[in-house]
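Taking it in order: structure first as structure tokens, then the write-up.
In each ligand, atom 1 is the first atom listed, and ligand 1 is the first ligand listed.
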Amino acid sequence: MSGAQEATVLLTNVRPWGGAASDILIEGGVIAAVEPHDPARPAPAPAPADGETIDGRGLLALPGLVNAHAHLDKSWWGREWVPYGGEATTQGRIAHERAHRDELGIPSPDSTLQLLRALVAQGTTAFRSHVDVDLGVGLRGIAVVREAVAALGVPVALEIVAFPQDGVLRRPGVLELLDRAAAEGADHIGGLDPALIDRDPVGQLDALFEIADRRGVGLDIHLHEGGELGAFEYDLILERTRALGLAGRVNVAHGFAIGDLPPARQRALVEELREAGVSITTVAPINASRLPLADLRAAGVPVGLGTDGIRDLWGPYGDGDLLRLATRLAQLSGARRDEELTDVVRLATSDAAGFVGRPVHDLVAGAPADVVLVDAQNVPEALVLAPERELVLAAGVRVV
Ligand SMILES: [Zn+2]
């Protein structure tokens with residue numbers, strides 16, 4: 001990893017979104033211009049101005065990948081293999097994690113840094129990370145993740161969700177921790193299965209919305225609960241979002257219940273999400289009800305893609321490659337046509353800007369210079385092959 005955010009970088013002969021060969025001029029970490037490729041274009045001044053020219057060799061250029069649902073604090077990435085243990089239920093995973101994380105030194109800046117290095121090398125340049133906040137770790141996990149991102153030395157975008165993984169109302173003191181996290185700069189507060197974990201969906205959601213409204217932060221709620229129970233919780237979330245005027249600031253993570261509903265109710269819920277300004281994030285699970293992805297996208301409901309936890313006490317899976325995960329989402333969604341495949345890449349890049357607090361995240365002037373180059377004919381092929389990342393720039397800084 002090298003370079004400096006202040007430098008002028010000329011990235012020549014790349015094909016943004018598979019289009020015509022172009023030159024991308026980057027100044028101060030931001031895309032200053034995208035122009036037709038001109039082999040005679042003068043290179044930016046070298047030292048002492050520190051300008052750099054990078055030959056893009058005609059490769060396909062995409063915006064940096066956006067991981068809209070990560071758990072950067074939980075992983076044992078880079079350490080000796082940790083075998084899976086404990087029960088496979090949500091409560092079983094919570095208990096197993098709380099019983100064993102201390103002996104593994106989780107959360108630790110070192111593990112988070114090693115994980116981040118791997119993710120960034122695969123082209124992810126912006127993250128929304130849930131970070132556990134509970135009576136055991138307090139707010140230490142948030143400090144750990146911020147420390148690791150600072151140590152990374154690469155200007156990635158990071159939004160923090162203070163996440164009450166161990167429950168809210170059932171653990172007196174957690175609401176106060178969430179309130180403090182929000183006061184101290186967390187971008188969002190989280191929630192978790194308000195019925196099955198806290199056995200009080202109205203109570204948990206009322207308490208979370210009260211903090212979000214008062215502190216002016218977003219809400220990002222893990223909702224694994226399916227069927228009618230999950231549908232009821234969607235209703236509670238929509239009702240509170242409307243009542244408090246929090247359109248654009250509330251996200252449902254997973255939200256499997258929408259996939260369980262019969263078609264007419266599913267369509268009605270999609271419309272309500274659009275109207276209330278509630279987004280959804282998915283981790284493209286292979287063993288859960290399918291999101292109505294095409295309907296959500298057609299309605300304009302923001303849908304983000306994330307890795308969820310990667311190699312942690314919840315499970316051994318995950319390589320962190322968000323482009324490969326986008327391939328899986330496309331397959332699960334039945335995407336086959338070029339425009340459908342391209343749409344999934346947009347979902348995982350430019351269309352995810354809002355999940356990381358950016359007004360624009362694309363290969364256009366004024367956007368942060370987050371660029372990924374791959375060897376592919378076009379965007380559909382890039383999605384299907386998820387080829388090696390030939391170059392990754394984060395805010396103009398070369399990562400790979
Ligand atoms: Zn999660």
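In this structure Asp312 satisfies the side chain to side chain contact (heavy atoms under 4.5 Å, CB included) test together with Lys74, Trp314, sequence neighbours excluded. Residues meeting the side-chain hydrogen bond (donor to acceptor under 3.5 Å, both in side chains) test with Asn13, sequence neighbours left out: none. For Glu210, the side-chain hydrogen bond (donor to acceptor under 3.5 Å, both in side chains) criterion is met by Arg214, not counting sequence neighbours.
Both tests do not hold together for Arg117 against Trp77: distance to the six-membered ring centre under 6.0 Å, angle to the ring axis within 45°.
Looking only at protein N/O/S atoms, the ones less than 2.8 Å from the Zn ion (ligand 1) make 4 in total.
No option in Asp134, Asp73, Asp166 other than Asp134 meets the salt bridge (charged side-chain N to carboxylate O under 4.0 Å, His left out) test with Arg101.
Using a 4.5 Å cut-off on side-chain heavy atoms (C-beta onward), His254 and Thr282 make no contact.
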